[in-house]
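This report concerns only the one structure given below.
Keep in mind that what you see is a predicted model, and the values were worked out from it rather than measured. Atoms within a ligand are numbered from 1 in the order they appear, just like the ligands themselves. Just so you know, these numbers use all the heavy atoms, side chains as well, and skip hydrogens, waters and symmetry mates. All residue numbers refer to positions in the sequence shown, counting from 1.
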Amino acid sequence: MLRADGLTVAYDRHRVLDRVTISVPPGEVTGLAGPSGCGKSSLARVLALLLRPAAGTVGVDGEEVRRWRHRAAPALRTKIALIFQQPRLAVDPRFTLLDVVAEPLRVARRPLDRAERLAEEMGLTPDLLTRRPHEVSDGQLQRACVARALTLRPRYVICDEMTTMLDASTQALLVARLEEYRRESGAGVLAISHDTELLDRWCGPGATVHRLGPAEAGPGQADGTGGTWTRT
Ligand SMILES: Nc1ncnc2c1ncn2[C@@H]1O[C@H](COP(=O)(O)OP(=O)(O)OP(=O)(O)O)[C@@H](O)[C@H]1O
């Protein structure tokens, strides 16, 4: 289980999350909805161990996180993959698409051959893999980012507005690939979107969808206070 308890996140003393509690069980899709600015990406960054909360705890499979960002233990860090909304801000512009997919393997000093296989499964042709980010479409780049996210076989995948900028067919392809990975690996997926129709389609019956409150209502409130519902 990936779990955050009583999370508070503040930027320069401005609180954007206030005592938020959320669980992402392995093998399931959990939804997170909420309007723009309510703190969804901030919560995603904390759960991916990239941002230290002002208060609260994060636990990964029962182990409480004590170090954050690059100081977080690699064994914990690689258990969680984060897919960002804007792929162009999430990749090194000098890399080819194959470099993008292979980056986590290179950093972890693992064999690189898995990168090509994952890229191929995402429909990225050998020609596309030699191109740099400015030579491909947003959808093609996001496909590379999804392949990259799966290279180290994460136990949890956080998808932060992953398909917001993309057309319906690319959206369906990315969601289908993540669903396939979830089923074969037993990974837990956190699907984050302001688009409740997308969450309806992605999170099946019985799935839990958490809702963060609108920004104007103050810091995002925790589930368990009426902010969570279960799809039926
Ligand atoms: N690094 C930062 N420094 C200062 N303020 C920030 C920072 N990151 C986010 N914020 C502010 O925190 C609030 C929540 O932002 P966040 O990106 O987490 O919301 P969101 O729900 O993901 O929004 P969106 O759906 O528009 O991406 C916003 O008011 C934003 O301006």
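- Remark: R177 engages E180 in a salt bridge, criterion side-chain N to carboxylate O under 4.0 Å.
- For R3 (side chain) and G59 (main-chain N/O), no donor-acceptor pair under 3.5 Å exists by modelled atom type.
- Looking at G37 next to ligand 1, an N or O pair under 3.5 Å apart turns up.
- Under the 3.5 Å distance criterion, the side-chain polar atoms of D99 are matched with a main-chain donor or acceptor of T96.
- In this structure, CD1 in I192 is found 7.5 Å from CG in L47, a value given to the nearest 0.5 Å.
- No heavy atom of G34 sits closer than 4.0 Å to any atom of ligand 1.
- Taking any N or O of H14, backbone or side chain, none lies under 3.5 Å from an N or O belonging to ligand 1.
- Against a heavy-atom cut-off of under 4.0 Å, S41 is close to the following atoms of ligand 1: 17 (O), 18 (O), 20 (P), 22 (O), 27 (O).
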What donor-acceptor contacts under 3.5 angstrom involve side-chain atoms of residues 80-94, with partners at least two apart or in another chain?
from, atom 1, to, atom 2, distance (Å)
R88, NE, D138, OD1, 2.8
R88, NH1, P133, O, 2.8
R88, NH2, V136, O, 2.9
R88, NH2, D138, OD1, 3.0
D92, OD1, R94, N, 2.9
D92, OD1, R94, NE, 3.0
D92, OD2, R94, NH2, 2.7

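- The contact set between ligand 1 and R45, taken as ligand atoms under 4.0 Å from a residue heavy atom, comprises 8 (N).
- E179 has a carboxylate O that lies under 4.0 Å from a charged side-chain N of R182, or vice versa, which qualifies the two as a salt bridge.
- Contacts of R15 with ligand 1, taken as heavy-atom pairs under 4.0 Å, are absent altogether.
- Looking at A44 against ligand 1, nothing comes within 4.0 Å, counting heavy atoms.
- Within ligand 1, the atoms closer than 4.0 Å to a non-hydrogen atom of P35 are 21 (O), numbered from 1 in the order shown.
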